[in-house]
There are 2 protein chains.
Amino acid sequence: MKNQKQIKNQKQIARELGISVATVSNALRGKGRVSASVIKLVTSRAEQVGYFPSAAGRALKTGRSNILGLVVPDITNAVFPKFAQGVEAEADKCGYGILIADSRGTQAGQNSAIRQLIQRGVDGIIVLPQRCTAPEVTSVPCAFASTPGDINNTVAANHIQGGQIAARALLDLGHRNFLLLGNDSESQVQKDRIQGMMEALEGIAQFEVCWTPDVFPDLVEKNKTGVTAILTVSDLLALRAVTQAERAGLKCPQEISVMGFDDLPLATAVRPTLSTIVPNTTELSKRLVAYLSAAIHRDVILPKPSLVDMSIILRESTGPVATHSPHSTRRLK
Amino acid sequence: MKNQKQIKNQKQIARELGISVATVSNALRGKGRVSASVIKLVTSRAEQVGYFPSAAGRALKTGRSNILGLVVPDITNAVFPKFAQGVEAEADKCGYGILIADSRGTQAGQNSAIRQLIQRGVDGIIVLPQRCTAPEVTSVPCAFASTPGDINNTVAANHIQGGQIAARALLDLGHRNFLLLGNDSESQVQKDRIQGMMEALEGIAQFEVCWTPDVFPDLVEKNKTGVTAILTVSDLLALRAVTQAERAGLKCPQEISVMGFDDLPLATAVRPTLSTIVPNTTELSKRLVAYLSAAIHRDVILPKPSLVDMSIILRESTGPVATHSPHSTRRLK
DNA sequence: TTGAAAGCGCTACCAT
DNA sequence: ATGGTAGCGCTTTCAA
């Protein structure tokens with residue numbers, strides 16, 4: 001017991017210094033009117049004994065824990081880590097800690113996760129909703145990161161715009177015959193991305209949409225019919241397209257270009273490295289935390305919910321359409 | 001203000017019921033000697049008004065927050081999510097929440113993250129150390145997840161054993177000429193994995209170790225010299241080996257087998273799917289949380305630190321050595 | 001069986 | 001400029 005280094009509190013510091021706890025508190029917080037000499041005395045003493053305020057005591061008094069909850073549908077989902085990192089960094093800047101909760105992909109799990117977090121005393125909650133399910137009404141501020149819905153506290157990546165810039169980038173490279181690849185036609189995110197692609201291609205190029213729950217289309221055959229570019233809704237799918245193509249002897253990007261989505265870590269770990277559409281997780285996190293912070297402090301004007309544009313990173317998996325290819329654009333004209 | 005649903009506390013429940021707070025507390029916690037009728041009365045009332053105890057109040061009184069800190073070197077590291085999920089699940093089972101902190105890959109960041117967590121009042125901390133750097137002494141129980149070191153509160157995946165089973169699996173498939181692939185010869189994890197592989201192969205098969213910080217070995221040339229199997233230290237590296245091989249016209253697994261490590265999500269997303277060595281994150285998490293829980297409650301006997309064996313998953317990227325191949329084992333004999 | 005009261009560590013109000 | 005004190009919500013001891 002004795003070897004356990006005792007943590008000092010304000011009371012003990014006050015006693016040792018022969019002053020009151022109120023003065024210690026005031027001196028430490030820079031509040032109140034305390035003489036410079038006492039401030040110096042107290043702060044140096046506090047430093048010396050390694051004092052830091054008790055989170056519980058402060059939370060009880062102020063009614064704030066300075067902790068935000070983060071509900072994620074599935075931690076093993078590859079897009080989560082980048083997001084969590086952004087949120088953690090931004091929260092840290094604002095003095096908040098992040099308590100994570102896994103909703104295990106179910107609506108019930110999501111609700112129970114939210115309840116859990118509230119009971120743990122978080123000041124606000126960020127939810128990455130599972131398939132855009134409606135939120136449960138809660139007693140603390142909540143912000144949602146998802147595709148735009150009807151709720152007004154949602155911040156979302158602009159997946160439609162993301163799909164558009166993916167398509168335009170390949171149009172710029174001369175491609176005029178596309179294969180659009182998704183793997184979950186129920187996912188609003190994927191639907192939005194595909195929709196954006198279609199909007200950008202409509203009337204300018206040929207395209208075919210292909211949802212592949214399990215079977216993968218025969219890329220060689222597609223290529224024979226003139227396809228020179230594949231737009232996918234995820235890096236994982238893009239990777240699969242690339243490996244599938246190369247196995248069949250189709251060189252990427254010389255004979256076929258492939259575009260991914262999300263800029264997962266694997267995008268730069270594979271060869272060819274993947275061109276991809278990257279969500280601005282920093283900005284998303286910033287807005288989510290800013291919204292919560294404002295709501296927590298009961299600011300009158302809350303930041304507007306909004307869409308955050310995505311950007312593009314061109315790497316090795318995309319290239320100009322091969323002019324000498326028998327399947328190139330020229331032939332279609 | 002008025003529309004904000006007021007959260008009830010014990011005092012209010014006590015007043016409404018015309019009894020004392022002490023009785024409410026006792027009834028709710030099943031402690032003390034309270035009549036069954038009062039218990040029923042209080043619990044039903046609590047349920048009815050949606051009462052839940054204030055985390056801050058309880059923490060202040062008990063000195064425990066029921067929150068564990070988790071320090072990770074880099075959230076975007078692909079092995080982290082599975083780990084975090086395991087820890088979160090296990091902690092949840094034991095009534096703990098998880099507060100995450102990113103050490104941003106530096107020793108200084110790690111120390112500051114630990115300090116932060118302590119200030120937030122966590123009861124214990126799990127650290128995934130950056131390159132096995134020594135821990136800073138702390139005032140709360142700490143458990144480390146890493147390769148075995150000298151510290152006695154470390155739980156680690158048995159990377160050496162993992163390397164061994166990777167090698168043995170391919171020996172069983174008839175392979176006798178290996179290429180061992182790492183990409184960071186400073187990493188203790190990678191060194192252990194390679195060491196395990198070498199131990200299993202020594203005296204039984206030929207092998208060559210190759211550290212590839214940037215340049216990738218010419219697999220076709222290696223294959224010409226008889227190599228039929230590649231053992232890597234990560235799925236990412238395995239994937240790169242597979243794509244490299246297939247680009248060069250070497251079929252996987254028909255002509256060359258490739259083994260990964262970690263069972264990242266991408267392992268099943270690519271073709272061929274990757275055979276890999278998978279750490280038992282569930283067991284690791286269980287032991288870490290169990291250790292901390294025991295330490296927090298000042299149990300006399302603490303669970304022993306220990307190594308957790310890894311297991312193997314055989315998928316499509318490995319196969320029997322081709323008997324007809326001119327480079328197969330027979331030729332070496 | 002029940003209740004009164006102390007006190008965990010902190011902040012803020014009000015006196016001095 | 002400084003200090004006394006109340007009280008945040010809870011648990012626990014002790015008294016009734």
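Chain naming here is simple, since letters A, B, ... match the order of the sequence lines and numbering starts at 1 in each.
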### Nearest-angstrom distance from the residue atom CD of Q12(A) to P of dG9(C)
8 Å

### Task
Round to the nearest Å and state the distance from F52(A) atom CZ to dG9(C) atom C1'.
12 Å

### Task
Looking only at side-chain atoms of L60(A), point me to the closest of dG3(D), dC8(D), dC10(C).
dC8(D)

### Message
In this structure, how many angstroms lie between the C1' atom of dT12(D) and the CG atom of L28(B), rounded?
### Response
15 Å

### Query
Tell me: CD of Q10(B) to C1' of dG7(D), nearest whole Å?
16 Å

#### Entry: Between NE2 on residue H297(B) and CG on residue L292(B), distance to nearest 0.5 Å
11.0 Å

### Task
Tell me which nucleotide among dC10(D), dC8(C), dC10(C) gets nearest to the side chain of N9(B).
dC10(D)

### Task
Kindly indicate whether the side chain of T43(B), heavy atoms from C-beta on, has any atom under 4.5 Å from the side chain of E47(B).
no

Got a list of protein N/O to nucleotides 12-16 of chain C N/O distances below 3.5 Å?
{"unit_1": "dA12(C)", "atom_1": "OP2", "unit_2": "R29(A)", "atom_2": "NH1", "d": "3.1"}

### Summary
Among the nucleotides dG3(C), dC10(C), dA1(D), whichever has the atom closest to the side chain of S35(A) is dA1(D)

### Query
Closest nucleotide of DNA chain C for S20(B) versus for R58(A): which of these residues is on the 5' side?
S20(B)

### Task
Starting from C1' on dG4(D), measure out to CD1 on I19(A) and report it in whole angstrom.
14 Å

### Query
Do you know which two heavy atoms are closest between I13(A) and A46(A), and how far apart they sit?
CD1-CA, 4.1 Å

### Query
Q110(A) pairs by side chain to side chain contact (heavy atoms under 4.5 Å, CB included) with which of V72(A), D102(A), V127(A)?
V127(A)

### Query
How long is the line joining CD1 of I13(A) and C1' of dC10(C), in whole Å?
13 Å

### Message
Looking only at the side chains, is there a donor atom on one of T282(A) and S285(A) sitting less than 3.5 Å from an acceptor on the other?
### Response
no

### Message
Within the 4.5 Å heavy-atom criterion, are Q85(A) and T281(A) side-chain neighbours or not?
### Response
no

### Task
Figure out the NZ/C1' separation between K11(B) and dT11(D), and round it to whole Å.
15 Å

### Task
For residues T23(B) and V38(B), determine if any side-chain heavy atom of one lies less than 4.5 Å from a side-chain heavy atom of the other.
yes

### Query
Tell me, which pairs form a side chain to side chain donor-acceptor pair (under 3.5 Å) where one or both residues lie in residues 58-70 of chain A, sequence neighbours left out?
S65(A)-D123(A)

### Student check: side-chain heavy atoms of D309(B) and N280(B) closer than 4.5 Å
no

### Task
For DNA chain D, determine which residues of residues 36-47 of chain B have any heavy atom closer than 4.0 angstrom to one of its atoms, and list them numerically.
none

